[in-house]
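Every chain is numbered from 1, with letters handed out A, B, ... down the list of sequences. Both backbone and side-chain heavy atoms feed into the values below; hydrogens, waters and symmetry mates do not.
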There are 2 protein chains.
Amino acid sequence: MNREGAGDCCDMRGMLGFLILFLLSKKPMHGQELAGEIANRKGEKKPSPGTIYPALKSLREAGFIVEEKDGKTIVYSLTERGENALKLAKRKFVKTFFGIFPE
Amino acid sequence: MNREGAGDCCDMRGMLGFLILFLLSKKPMHGQELAGEIANRKGEKKPSPGTIYPALKSLREAGFIVEEKDGKTIVYSLTERGENALKLAKRKFVKTFFGIFPE
DNA sequence: TTATATATATCGGATATCCAATATTAATAG
DNA sequence: CTATTAATATTGGATATCCGATATATATAA
């Protein structure tokens, strides 16, 4: 069944990398913290490890984030390259969805 | 290559149905007009027929939009069910991306 | 009528996305 | 040291998304 069939026309598939960059730009976080924040915002359960860590790896390989070990966890934060990418992506996002936020 | 690898962290894959509902809620349009509006907002070329018409079909089958023939074209507009779905989706969207729009 | 242009529709397939299950690593309690 | 707990990492696969190519329909021009 496709996403419209379930009465859900907005699963936001494909926005995960963008959302992660945005969240990390506000505050460096470790993986599970990030997953919790995403769950909160989307009103869903936490994205699975198989979702969040490959996404982080992909962002790291693109040079958008760096990792820093902090005890048992790894804190992720944006690189300058990541900030630039986010800035561009935000511009596109705002342009695309202009008018969608309530006044 | 995945989307991050290309320096693009925001291709907005998966948001097409949502975007269509939103655009049609502002103004009923026919398919190509809609495609043009999407292209404008995203700064890309028009989504292909193989993208836009199946998306519209899916929304119609979900009961979110109706079609009305108008000469050579077909004008799509939201049903009440579509308006409700959009309202819910917008709420989730706003909650998820809260803080992302510039002040 | 015939030709042309444009809108709409469908199909096959390449790719992306995400999850569930599983494995690994590391800190700390006992 | 060993067990436990939690974070991180990887892999395989189901599904969704979207495009290119192609087909069909319809209005208008010639």
*How are the rings of F97(B) and F18(A) set to each other: parallel, tilted or perpendicular (split at 30° and 60°)?*
tilted
*What pair of heavy atoms forms the shortest contact from A55(B) to I20(B), and how long is it?*
CB-CD1, 3.8 Å
_Residue pairs fulfilling side-chain hydrogen bond (donor to acceptor under 3.5 Å, both in side chains) with at least one residue in residues 65-79 of chain A, sequence neighbours excluded_ = R60(A)-E67(A)
*Could you list all the side-chain hydrogen bond (donor to acceptor under 3.5 Å, both in side chains) pairs where at least one residue sits in residues 34-43 of chain A, not counting sequence neighbours?*
E37(A)-R41(A)
*dC18(D) P sits how many Å from I20(B) CD1, rounded?*
9 Å
*Closest heavy-atom contact between K90(A) and I100(B)?*
CE-O, 3.4 Å
*Quick one: closest heavy-atom pair of L59(B) and G17(B), and the distance?*
CD1-O, 4.0 Å
*Polar side-chain atom of T96(B) near backbone of K92(B) as donor-acceptor pair, under 3.5 Å*: yes
_Tell me the interatomic distance from K46(B), atom NZ, to dG20(D), atom C1', rounded to whole angstroms._
16 Å
*asked:* With a 4.5 Å cut-off on side-chain heavy atoms, are L86(A) and F22(A) touching?
replied: yes
*For the residue pair I52(B) and G31(B), what are the closest heavy atoms and their distance?*
CG1-O, 4.2 Å
*Which whole-number value in Å describes the distance from L16(B) CG to dT15(C) C1'?*
16 Å
*Could you note down all residue pairs passing salt bridge (charged side-chain N to carboxylate O under 4.0 Å, His left out) where residues 47-56 of chain B supplies at least one of them, sequence neighbours left out?*
none
_Output the rounded distance in Å from CE (M15(A)) to C1' (dC18(C))._
16 Å
_So, using side-chain contact (heavy atoms from CB on, under 4.5 Å) as the criterion, who are the partners of K46(A) when residues are at least two apart?_
Q32(A), A35(A), A39(A)
*DNA chain D-proximal residues of residues 67-78 of chain B, any heavy atom under 4.0 Å*: K69(B), G71(B), K72(B)
*Please list, by residue number, the residues of residues 33-43 of chain A whose heavy atoms come closer than 4.0 Å to an atom of DNA chain D; answer none if no residue qualifies.*
none
*Find the distance R60(B):CZ to dA9(C):C1' and express it as a whole number of Å.*
10 Å
_Those residues of residues 24-32 of chain B lying under 4.0 Å from DNA chain C by at least one heavy atom_ = H30(B), G31(B), Q32(B)
*Roughly, in whole Å, what's the span from OH in Y53(A) to P in dT10(D)?*
12 Å
Distances for protein N or O near nucleotides 20-24 of chain C N or O, under 3.5 Å:
{"from": "dA20(C)", "atom 1": "N7", "to": "S48(A)", "atom 2": "OG", "distance (Å)": "3.4"}

*Are K87(A) and E83(A) close enough that some pair of their side-chain heavy atoms sits under 4.5 Å apart?*
no
_Sequence-distant partners of E33(A), salt bridge (Lys or Arg N to Asp or Glu O under 4.0 Å), two or more places apart_ = K27(A)
*Protein-nucleotide distance (L56(A), atom CG; dA9(D), atom P), rounded to Å*: 8 Å
